[in-house]
Amino acid sequence: MEDPSAIIRIKRLTKTYGRVRALDRVDLEIHRGEFLTIVGPNGAGKSTLLGVIAGLIRPTRGEIKLDGVDAIQDRDDGLARKIGVLSNRSYLYNDLTVFENLTFYATLYDLEGSEQTIRVLLDRVGMADQTDSLMKTLSRGMKQRIALARTMLHDPPILLLDEPYVGLDQDAVTMLQDFLSEKQRTILLVTH
Ligand code: ADP
């Protein structure tokens, strides 16, 4: 029987890269509001698992349902709007300003009133004074704060976090923890 309260449901998920089997028939159910941390050594397949759920990596076999939607066959913009990804890749463009980057994603997510949302978020991550700076002029720590703002921009009910604390300064760690505890989200965090 399928459990209808599972917001992430994965069955026999397999991903091979040539001869490397990064994921081997993974079954996983995460329920609404749950916070699951998966710990494993480097090379265990954690990033692959997150990438496949996020729609960034195509699985070899298996099923993924996100909030009842087949995330492999029927992946659409609606699904992207439900997911926030934070990983060591920022998905931000160096030659755009901070504001332009976030506006780009707001457009992608079809967000209304995005300018106000962006300003509130930038204030929250302590980057309001960098709104018009080019991404490439920012320090690594600043970029991570902007990446955190990008992750939270569309207020996603599902968060996929790949080693989210690596490289964050203490203030940014506190900011991330505030986001994680402010409301009920479904969170999958992987770390080694
Ligand atoms: P983790 O995040 O736990 O460190 P990964 O998902 O990054 O693990 O990697 C799992 C396995 O898949 C490793 O053996 C890794 O070398 C391999 N792998 C990951 N990405 C690729 C890729 N793009 N091409 C080939 N092999 C890959």
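Order of appearance sets the numbers: ligands from 1, and atoms from 1 within every ligand. In what follows, residues are counted from 1 in the order of the sequence shown.
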Pair listing, side chain to side chain donor-acceptor pair (under 3.5 Å) test, anchored in residues 178-189, at least two apart: R124-E182, D155-K183, D155-R185, E182-R185
Do R145 and D169 meet the salt-bridge criterion of a basic N to acidic O distance under 4.0 Å? yes
Are Y17 and L23 connected in a single hydrophobic cluster, I mean Ile/Leu/Val/Met/Phe/Trp/Tyr linked by side-chain heavy atoms less than 4.5 Å apart? yes
May I have a table of the N/O to N/O pairs between ligand 1 and the protein that fall below 3.5 Å, each row giving the two atom names and the distance to 0.1 Å?
unit_1   : atom_1 : unit_2 : atom_2 : d
ligand 1 : 2 (O)  : S47    : N      : 2.8
ligand 1 : 2 (O)  : S47    : OG     : 2.8
ligand 1 : 3 (O)  : A44    : N      : 3.1
ligand 1 : 3 (O)  : G45    : N      : 2.9
ligand 1 : 3 (O)  : K46    : N      : 2.9
ligand 1 : 3 (O)  : K46    : NZ     : 2.7
ligand 1 : 4 (O)  : G43    : N      : 2.7
ligand 1 : 6 (O)  : T48    : N      : 2.9
ligand 1 : 6 (O)  : T48    : OG1    : 2.5
ligand 1 : 8 (O)  : G45    : N      : 3.0

Please lay out, stage by stage, how L66 and K82 fare under the test side-chain contact (heavy atoms from CB on, under 4.5 Å). CA-CA 9 Å; L66 297 178; K82 289 184 182 163; over 6 Å; no
Counting only heavy atoms from other residues, nucleotides and ligands, does the tally under 6.0 Å from CZ of R25 exceed 12? no
Hphob cluster co-occupancy, I118 + Y93, side-chain heavy atoms under 4.5 angstrom: yes
